[in-house]
Each structure stands twice: as structure tokens, then as C-alpha cells.
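Below is one structure, written out as C-alpha cells, with a few remarks after it.
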Amino acid sequence: MMISFEEASKIIGNAFRQLNLTTEKIPFDKALHRTLAEDVLADIDLPPFNNSAMDGIAIRFNDKIRKWKIAGEISAGNYDSYSLDENSAVSIMTGAKLPEYCNTVIPIEDIDVNGNKAVLKDSAIFKIGMSIRKKGSDLSKNEIAIPKNTYLQPRHLAAAASCGKVELKVFKKLQIGVLATGDELIPVDEKPTGDKIRLSNTYALLASINELSMTGINLGIVTDKKELLLQNIAEALNSEIDILITTGGVSVGKFDYVKDVFEELGVDIKFWRAYIKPGKPIVFGAFDKGNKTKLVFGLPGNPVSSLVNFEIFVRENINKIFNQPERERVKAVLQNDLKKEDKKRHFMRGILIKNNDGIYEVSSAFSQSSGNLVEMSKANCLMIIEEGMINPIEGTEIECIMI
Ligand code: AMP
Ligand code: MG
């Protein structure tokens, strides 16, 4: 049952939307790149008092009066009261509380000061109410400062701080387990001999998970023995994880047991194999445990395939449900011919640049073999070569996903 990219995407997207996101409270200053699960309200008026927007003098406006006697000085955080009339002013600093009696601030650039006398310059703009930040003008008490579902950026932490919101309710990180399969795999700190290779794809996946502010759990390596796979995958499915990603063992090789093992353990297989390249052997299913449904991805072992699968099927959905900014997509002009003879959807690796005329150009003068991870690490985009596009030639416009 090989399905199209579009169908695969729809099935996976629906499954992600049904994930039951739970929430937790965390210190606000640890909430960068998390997603807010409540509205944050202002607990006070912001700003809490009328204050000066400039360094200058505070006065009570009277169109006829152009010079003042400076009665004193108020800086931010050091309010002092003075008895004032229309002919007097106080020297005031940015952020300092405005005396009740005053209604206008004249910036320092617009006056000449001589001793304790200030005179308005002829060039000055002189208007009632100028250069004042009114109490509550930013936000009134009990108004929403940061709405629910906001993906928190540095600026939102400042807003939370102003509202005295020391704890924020956010959606819990998804726990994503990554299990590598393959007799050939050895740990990174060992030197491969004979027919062994170092485990690599796990690290790209864990780093991607981390980048998405989710929790990646390295479940290690399991060899291609069916009993061992059964045992390790059962353990993973019954742990606290929300999503299981396995790599390897989903093709049609003699020792590719992963899909059978999923089925034997009760995973509801939604599809096996999508008409894409790389990453065709992907198997996707759901596993019900108690009242929780876990998503199960069996990705191919090829480092490029597993990472491309992750990009197009996992990252995009996490971005959506957590309201994160999505990967940028741009249309670019192909700089070399590409070989693509089938009707699969290809995600080829490319190098994207913006030329001097502001036009995006994409080239891929290197191997598109899905085994070449080091080549992939030079690429900065995935070129989407759609199903109907056969052997696109130089000059063709191609949609690219920046990675
Ligand atoms: P498989 O999907 O198990 O048929 O593996 C396809 C190719 O990817 C083989 O060349 C494997 O050696 C390689 N491979 C599988 N798993 C990994 C891994 N975790 N890290 C690096 N390469 C892998
Ligand atoms: Mg294998």
C-alpha cells in the first residue's frame, strides 16, 4: 500500500492534531521557545503612572507662556513633589513620574537653559500633552498581555516580567524516543572495523528534536534480531514517550523486521511506504496505551532519508501544533539540470543563495545519494521536485525549504 506524499502528509497531520497536549507551570525566565497554554493578563496598569518619554522639563501647558523657572529635578525612580504654577517647571528624565500638576514635557533639545531659567526655542514644536507616556497606555490592568498559544520569544518574557507573571503555564514538551536498528552500527567513540559503521542518524534526529524545544530520548542501538527488536520496541512503546522514532529495518530486506514487530505489538499501521525520494520505506502508525495515543515512525536507516522524513513529516507538524515559526520556503531558479526520471516527489538537497538582484538561485552540484550525509551537511535547502516534474533543467523555478 504505497501512498502519495500528500496522503501520507494528511494521515500524519491528522494524527498529530489528535495528540493530547498536556500543560505544566514553569518559571517565566525558562520559557523561551515554549508555547503558552494560558492568556497572560496585566496585573497592573502599564505603565503604572504617567511618566516622561523624554529628558526635558515638565510644565503645565499655557500657550501664552514660553519661559519657566526650574523648581527642581525628578529622575526615574526618584519622585519628589514640588509646589508648581504655570510659570514653573521641573527638570525631568525619561521614565520619571510626572507631577500631577503637569501635563506636558518639553524635550531638552527644544529649550535654552540658563541657570534655573528655561526658554522655549523658536523652532520648537509646542503642544499640550506632548512627550508623556500615560498610565495604562501600554496596557490596562486585566487586559491580555500575551495570548494563549503564543510561541514565546525574548520580547514575550519581558512582557511577562512587566506583568509580574513569575510562572507561566506552557504546553509540555513532547517526549520523543529515538531507537536505531542495525547489526552494522557501533557507538561513535569506537573505531569501525570490518563492515561496521558509526551510529550517526540518531544525532541529527535528537538535535532536530532539541531545536524544536521537545525532549529527545536516545534509546540506543538494537541489532536486527527479531526478539531483541520486540523487547526493545515494546519497552519504548510502554514508556512515557509520546512519539517513537526508529531508524532502519523498514525496507524489504530479509532482516527488516521493524514493521512486523510494530504489528505484533499492536501498533495500528496507517501506511507503509510513500511515493517519495528519499525516505520511501517509511512506516507510520499509532499505538494506544491507556487513554494516550502514541505516534510511531519507522524511518529508513539512511541518514539522509531519516532526516528528510523528519523534516517533512515530523518537524512541520510540531511547528504547527506548537505554533512555532515554520521553515522558510522560497522559489528559486535552478542552476543545473537534475536527473529525476520517476513520478515520485523528490526532496533533493541544494545550495540556495540570493544573487545580487535579490533573486534566489539553487544549485546541487553534488551527489543526491541518500547515503551521503556529509554531502547533505553542505546543503542548506531541500528542493521540492514535484511528482509531475521530470528531469528539470537549468532555469526551472523550484520551491525550496530552507533547512
Ligand atoms: P536500512 O534502512 O536498515 O536498510 O539501512 C539503510 C542504510 O543506512 C544502510 O547502509 C545502513 O548501514 C545505514 N544506516 C542504518 N542505520 C543507520 C544509523 N543509525 N546511522 C547511520 N547509518 C545507518
Ligand atoms: Mg538495517
Side-chain angles (χ1 to χ4, degrees), residues 1-2 8 176-210 216-233 235-236 241 243-265 267 269 271-285 296-315 344 346-349 366-379 382 403:
M1 47 166 183
M2 182 136 23
I176 307 178
V178 179
L179 177 68
T181 74
D183 285 346
E184 72 279 33
L185 304 176
I186 58 161
V188 179
D189 56 1
E190 287 177 24
K191 193 119 190 160
T193 52
D195 59 355
K196 305 297 177 202
I197 60 165
R198 289 194 176 107
L199 172 70
S200 68
N201 62 16
T202 296
Y203 299 99
L205 295 171
L206 290 172
S208 300
I209 292 165
N210 204 18
I217 301 156
N218 187 349
L219 300 174
I221 304 170
V222 57
T223 52
D224 297 312
K225 309 280 171 302
K226 197 163 176 195
E227 315 76 65
L228 281 179
L229 282 165
L230 269 166
Q231 191 187 320
N232 278 268
I233 293 175
E235 212 170 284
I241 60 169
I243 299 177
L244 173 64
I245 298 178
T246 64
T247 62
V250 285
S251 305
V252 288
K254 187 164 172 214
F255 301 100
D256 290 339
Y257 296 124
V258 170
K259 177 172 160 282
D260 295 347
V261 166
F262 284 167
E263 275 170 337
E264 275 181 45
L265 291 171
V267 173
I269 305 289
F271 70 84
W272 176 42
R273 296 190 291 182
Y275 208 54
I276 57 174
K277 189 178 175 180
K280 181 181 81 175
I282 179 176
V283 48
F284 174 71
V296 182
F297 289 87
L299 306 185
N302 260 318
V304 176
S305 311
S306 56
L307 194 52
V308 169
N309 273 169
F310 185 92
E311 281 293 327
I312 59 180
F313 292 131
V314 182
R315 179 189 290 270
K344 292 186 192 125
H346 288 217
F347 297 90
M348 293 191 180
R349 279 69 65 205
F366 46 78
S367 151
Q368 292 293 338
S369 153
S370 50
N372 278 352
L373 183 68
V374 177
E375 289 270 41
M376 177 162 180
S377 68
K378 294 179 193 155
L382 294 178
I403 56 171

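When reading the values below, keep in mind they use all heavy atoms of this one structure, side chains included, and skip hydrogens, waters and symmetry mates. Note that the numbering runs from 1 along the sequence shown for the chain. Just follow the structure's listing: the first ligand is 1, and inside any ligand the first atom is 1. The shown structure was predicted, so the numbers you read here are calculated from the model rather than taken from an experiment.
- Here the side chains of I243 and F297 are in contact, with some heavy-atom distance below 4.5 Å.
- The structure places CE of M2 at 10.5 Å from CD1 of I276, a figure rounded to the nearest 0.5 Å.
- When all heavy atoms of I221 and P187 are compared, the closest pair comes out as CD1-N, 4.2 Å.
- At least one side-chain heavy atom of L382 sits less than 4.5 Å from a side-chain heavy atom of V308.
- Taking the salt bridge (Lys or Arg N to Asp or Glu O under 4.0 Å) definition, one finds that K344 meets it with D342, sequence neighbours left out.
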Ligand 1 polar-atom proximity to protein (N/O, under 3.5 Å):
| unit_1 | atom_1 | unit_2 | atom_2 | d |
| --- | --- | --- | --- | --- |
| ligand 1 | 2 (O) | G301 | N | 2.8 |
| ligand 1 | 3 (O) | G249 | N | 2.9 |
| ligand 1 | 8 (O) | N302 | N | 3.2 |
| ligand 1 | 12 (O) | E184 | OE2 | 2.5 |
| ligand 1 | 14 (N) | G301 | O | 3.4 |
| ligand 1 | 19 (N) | N201 | OD1 | 2.7 |
| ligand 1 | 19 (N) | N201 | ND2 | 3.2 |
| ligand 1 | 20 (N) | S200 | N | 3.1 |
| ligand 1 | 20 (N) | N201 | N | 3.4 |

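- For the pair F347 and P278, the tightest heavy-atom approach, listed with the atom from each and the gap, is O-CD, 3.5 Å.
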